[in-house]
Amino acid sequence: MAILSVSRPDKGPVAVPLAYLWEGGQFLLMTPPDSLHGKHMQRTGRATVTVHSERYAGSEVDQWYVMAEGTVEFTERDALPLARRLLTKDRGPEYAAQWLEDMRPALENNWVAVLTPTRIAGFTFGGRLP
């Protein structure tokens, strides 16, 4: 999961967790275009994504985060293919098929938003960034 942050003109930014896929130097995100953050992404054409990871192996700790700012555009009106790819990659095809069947009505309102980073920053605690 990533935290997507989008500015609002009258308040602080709205920040929401979203599933994502990093591919070809871009973040692919699933979200309803009529949600609060979806509307503000369409209004501004910009957003920030933050990804944080903690891995504990014995006594070694490898923690990192990456923050990417950039332009956003909605490219697909059907997020089901992206959802299938995300779930298959993370959980395997059997889990993905069942989850997609159960969640199909909710996912039908999701589109694919693509964030193309113009700035990326990160930090690691005792390891290398992925």
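Hydrogens, waters and symmetry mates are skipped; everything else that's a heavy atom, side chains included, is used.
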request  = Begin from the C-alpha positions of Thr50 and Ser5 and carry the test side-chain contact (heavy atoms from CB on, under 4.5 Å) through to its verdict.
outcome  = CA-CA 8 Å; Thr50 303; Ser5 299; 5.6 Å; no
What closest approach, in Å, do [X] and [Y] show between heavy atoms, and which atom pair accounts for it?
X	Y	value
Pro117	Gly25	CD-O, 3.2 Å
Ala113	Thr31	CB-CG2, 4.4 Å
Gly38	Ser35	N-OG, 3.0 Å

message = Run Leu21 and Arg85 through side-chain contact (heavy atoms from CB on, under 4.5 Å) and show every step you take.
response = CA-CA 9 Å; Leu21 184 64; Arg85 289 172 51 208; 3.2 Å; yes
Could you measure the distance from the [atom1] atom of [X] to the [atom2] atom of [Y]? Nearest 0.5 Å is fine.
X	Y	atom1	atom2	value
Asn110	Met30	CG	CE	6.5 Å
Thr48	Met67	OG1	CE	6.5 Å
His40	His37	NE2	NE2	10.5 Å
Thr44	Arg8	OG1	CZ	12.5 Å
Thr88	Leu100	OG1	CG	7.0 Å

Are the side chains of [X] and [Y] in touch, meaning some heavy atoms are under 4.5 Å apart?
X	Y	result
Leu28	Tyr20	no
Thr118	Arg46	yes
Pro33	Lys39	no
Leu4	Met41	yes

note = Residue pairs meeting side-chain hydrogen bond (donor to acceptor under 3.5 Å, both in side chains), one or both in residues 66-78, sequence neighbours left out, come to Glu69-Arg119
key: Intermediate values then yes/no, side-chain contact (heavy atoms from CB on, under 4.5 Å), Val114 and Phe27   = CA-CA 6 Å; Val114 178; Phe27 286 90; over 6 Å; no
request  = Could you label the plane-to-plane angle of the Trp111 and Phe74 rings as parallel, tilted or perpendicular, counting under 30° as parallel and over 60° as perpendicular?
outcome  = perpendicular
key: Test side-chain contact (heavy atoms from CB on, under 4.5 Å) applied to Pro13 - qualifying residues, sequence neighbours left out   =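 Applying side-chain contact (heavy atoms from CB on, under 4.5 Å) to Pro13 gives none.
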Residue that, paired with Val49, satisfies side chain to side chain contact (heavy atoms under 4.5 Å, CB included) out of Leu29, Ile120, Ile3 =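 Answer to the side chain to side chain contact (heavy atoms under 4.5 Å, CB included) test with Val49 among Leu29, Ile120, Ile3: Leu29.
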